[in-house]
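These notes concern the structure reproduced below.
By convention in this document, chain letters (A, B, ...) are assigned in the order of the sequence lines, proteins followed by strands, and residues within each chain are numbered from 1.
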Protein chains: 2
Amino acid sequence: MRPLFHPSVDDVTVEAILHALSDPVRVAIFSDIAGSNCSQNCSNFLNVSDKAIPKSTLSQHFKALREAGLIRSERQGVEMQNVSRCAEIQERFPGLIAAIVRAHNIQLQSKPRAAKAPKRKRKASK
Amino acid sequence: MRPLFHPSVDDVTVEAILHALSDPVRVAIFSDIAGSNCSQNCSNFLNVSDKAIPKSTLSQHFKALREAGLIRSERQGVEMQNVSRCAEIQERFPGLIAAIVRAHNIQLQSKPRAAKAPKRKRKASK
DNA sequence: TCATTAGTTCGGAATAAATGAACTATTGAA
DNA sequence: TTCAATAGTTCATTTATTCCGAACTAATGA
């Protein structure tokens with residue numbers, strides 16, 4: 001199997017980071033990984049934000065985080081260990097990750113139930 | 001014409017903000033609006049990041065910024081004036097917007113030419 | 001070797017974004 | 001008032017992304 005791609009920190013873009021963390025599942029996963037000092041495997045997140053997530057979808061979410069430069073994934077035996085790359089990103093974009101994680105926590109506290117983005121209110125005419 | 005929708009600051013989500021600013025055109029527009037103290041109309045941005053943007057697309061970008069709670073748009077005569085809602089968001093998510101704008105500026109300085117995702121195989125000159 | 005576990009990749013359906021064309025609102029001039 | 005110009009929005013169609021079940025790969029242990 002080809003090795004997983006990890007961008008150099010110099011190739012990491014703000015856009016990619018924001019896009020990766022603009023998904024409620026991914027920001028929850030990343031926030032968890034970044035907040036723990038030990039590495040986390042994927043299967044720990046088969047249930048995030050109170051709903052089951054298919055493992056193929058989970059895998060894509062991890063890929064998005066990885067290719068945005070937010071995490072580093074390394075196979076360790078039969079499972080994958082994921083650690084955050086906060087320290088590197090902090091050097092390139094000081095305060096960015098911390099501010100996002102902090103804002104995410106504030107939101108969790110203010111709205112314990114609804115963490116989703118505002119959906120379209122209008123019904124499609126077709 | 002139905003009035004433009006602006007979410008209450010309490011309904012603003014981190015996800016929506018990050019999603020809105022994960023697009024290179026939108027973050028450029030927002031950064032410009034947030035950095036200037038006078039309001040800006042849409043047409044000022046028909047050329048952003050060295051490429052022409054169709055006005056229908058621009059309109060959608062402004063809508064995205066507006067519905068994420070990042071800007072407030074008000075018609076003034078024949079044109080639309082846009083101001084940032086940084087102050088409100090700062091109260092809800094302290095430091096978030098500032099960190100993103102700062103990171104965006106850092107990226108502009110480090111890569112004055114390529115602001116897009118790293119698709120092409122270009123030698124990284126570090 | 002085979003079974004199990006953990007994750008990736010593939011392919012098609014569902015969803016979202018980009019944009020030319022048509023439309024709406026406001027202003028100013030005739 | 002009527003017409004033209006300007007500034008944006010909305011619609012409809014094309015294009016790109018995302019989701020997720022099924023099939024696949026890699027490591028481990030019996």
Side-chain angles (χ1 to χ4, degrees), chain A residues 1-6 15-16 18-29 33 39-49 51-68 71-83 116-126, chain B residues 1-6 15-16 18-29 33 39-49 51-68 71-83 116-117 119:
Chain A
M1 187 176 275
R2 71 169 84 79
L4 299 177
F5 174 67
H6 292 86
E15 288 88 346
L18 300 192
H19 176 254
L21 298 180
S22 70
D23 179 274
V25 171
R26 286 195 296 260
V27 72
I29 291 172
I33 291 176
S39 59
Q40 305 278 314
N41 64 13
C42 299
S43 304
N44 293 348
F45 301 97
L46 284 171
N47 263 288
V48 171
S49 42
K51 64 168 186 172
I53 302 168
K55 67 176 185 171
S56 59
T57 304
L58 245 201
S59 179
Q60 297 298 335
H61 283 320
F62 273 87
K63 183 181 183 186
L65 292 170
R66 197 162 51 232
E67 300 198 342
I71 64 173
R72 196 175 290 280
S73 309
E74 220 170 291
R75 181 180 273 271
Q76 205 142 6
V78 76
E79 57 188 30
M80 201 66 79
Q81 293 302 321
N82 299 283
V83 292
K116 254 297 203 179
K119 279 288 181 189
R120 236 173 264 291
K121 307 201 163 162
R122 276 161 35 85
K123 266 180 78 176
S125 52
K126 202 163 90 165
Chain B
M1 188 178 277
R2 71 168 83 78
L4 299 178
F5 173 68
H6 292 86
E15 288 87 346
L18 299 191
H19 177 254
L21 298 180
S22 69
D23 179 274
V25 171
R26 285 194 296 261
V27 73
I29 292 172
I33 292 176
S39 59
Q40 305 278 314
N41 64 13
C42 299
S43 306
N44 293 348
F45 301 98
L46 284 172
N47 262 288
V48 170
S49 44
K51 64 166 187 172
I53 301 168
K55 66 177 186 170
S56 59
T57 304
L58 245 200
S59 180
Q60 297 297 337
H61 282 320
F62 273 87
K63 183 180 182 186
L65 292 171
R66 198 162 51 231
E67 300 197 344
I71 63 173
R72 194 176 290 281
S73 309
E74 220 170 290
R75 180 181 274 271
Q76 205 142 6
V78 76
E79 60 188 29
M80 201 67 79
Q81 293 302 320
N82 298 282
V83 293
K116 253 297 199 179
K119 274 291 182 181

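The interatomic distance linking B:K63 (NZ) with C:dA16 (P) rounds to 12 Å, in whole Å. One can place CG of B:N44 at 8 Å from P of D:dG8, the figure rounded to the nearest angstrom. For B:I53 and D:dT9, the CD1 to P distance is 14 Å, given to the nearest whole Å. Taking atom CZ of residue A:F5 and atom P of nucleotide C:dG7, one finds them 21 Å apart after rounding to whole Å. B:F62 places its CZ atom 10 Å from the C1' atom of D:dG8, with the value rounded to the nearest Å. With rounding to whole Å, A:Q60 atom CD is found 14 Å from C:dG12 atom C1'. Taking atom CD of A:Q40 as the reference point, atom P of C:dG7 lies 11 Å away to the nearest angstrom. Rounded to an integer number of Å, the gap from CD of B:E79 to C1' of C:dT26 is 11 Å.
Shortest non-hydrogen contact noted between B:R26 and B:L21 is O-CD2, 4.4 Å. Of all heavy-atom pairs spanning A:A68 and A:A20, the tightest one is CB-CB, 3.8 Å.
Dashed line: the shortest gap from a side-chain N or O of A:H19 to OP1 or OP2 of D:dT18 is under 4.0 Å. In terms of phosphate contacts, B:S43 brings no side-chain nitrogen or oxygen within less than 4.0 Å of OP1 or OP2 of D:dA7. Taking 4.0 angstrom as the limit, A:T57 places a side-chain polar atom (N or O) nearer than this to OP1 or OP2 of D:dC20.
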Within the sub-3.5 Å range, which N or O atoms of nucleotides 27-30 of chain C have a protein N or O partner, and how far apart are they?
none

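For A:K55, taking side-chain heavy atoms from C-beta onward, the closest of the listed nucleotides D:dG8, C:dA18, C:dT8 is C:dT8. Listed candidates were D:dG8, D:dT10, C:dA17. Nearest to the side chain of B:N41 is D:dG8. With C:dA6, D:dT9, C:dT19 as the candidates, the nucleotide lying closest to the side chain of B:M80 is D:dT9. Distance from the side chain of B:R75 is smallest for C:dT26 among the nucleotides D:dA22, C:dG7, C:dT26.
Contact annotation: the side chain of A:I53 approaches that of A:V48 to within less than 4.5 Å [non-hydrogen atoms, C-beta and beyond].
Checked by atom type, the side-chain pair B:E79/B:Q81 shows a donor-acceptor distance below 3.5 Å.
With hydrogens and angles disregarded, no donor-acceptor distance shorter than 3.5 Å links the side chain of A:R72 to the backbone of A:E74. In this structure, B:H6 contributes its side chain and B:R66 its backbone to no donor-acceptor pair below 3.5 Å. No donor-acceptor distance shorter than 3.5 angstrom exists from the side chain of B:N82 to the backbone of B:S39, with no hydrogens or angles considered.
Looking at heavy-atom distances under 4.0 Å, B:R26 makes no contact with the nucleic acid at all.
You won't find any donor-acceptor pair under 3.5 Å spanning the side chain of A:S59 and the base of C:dG7, going by distance alone.
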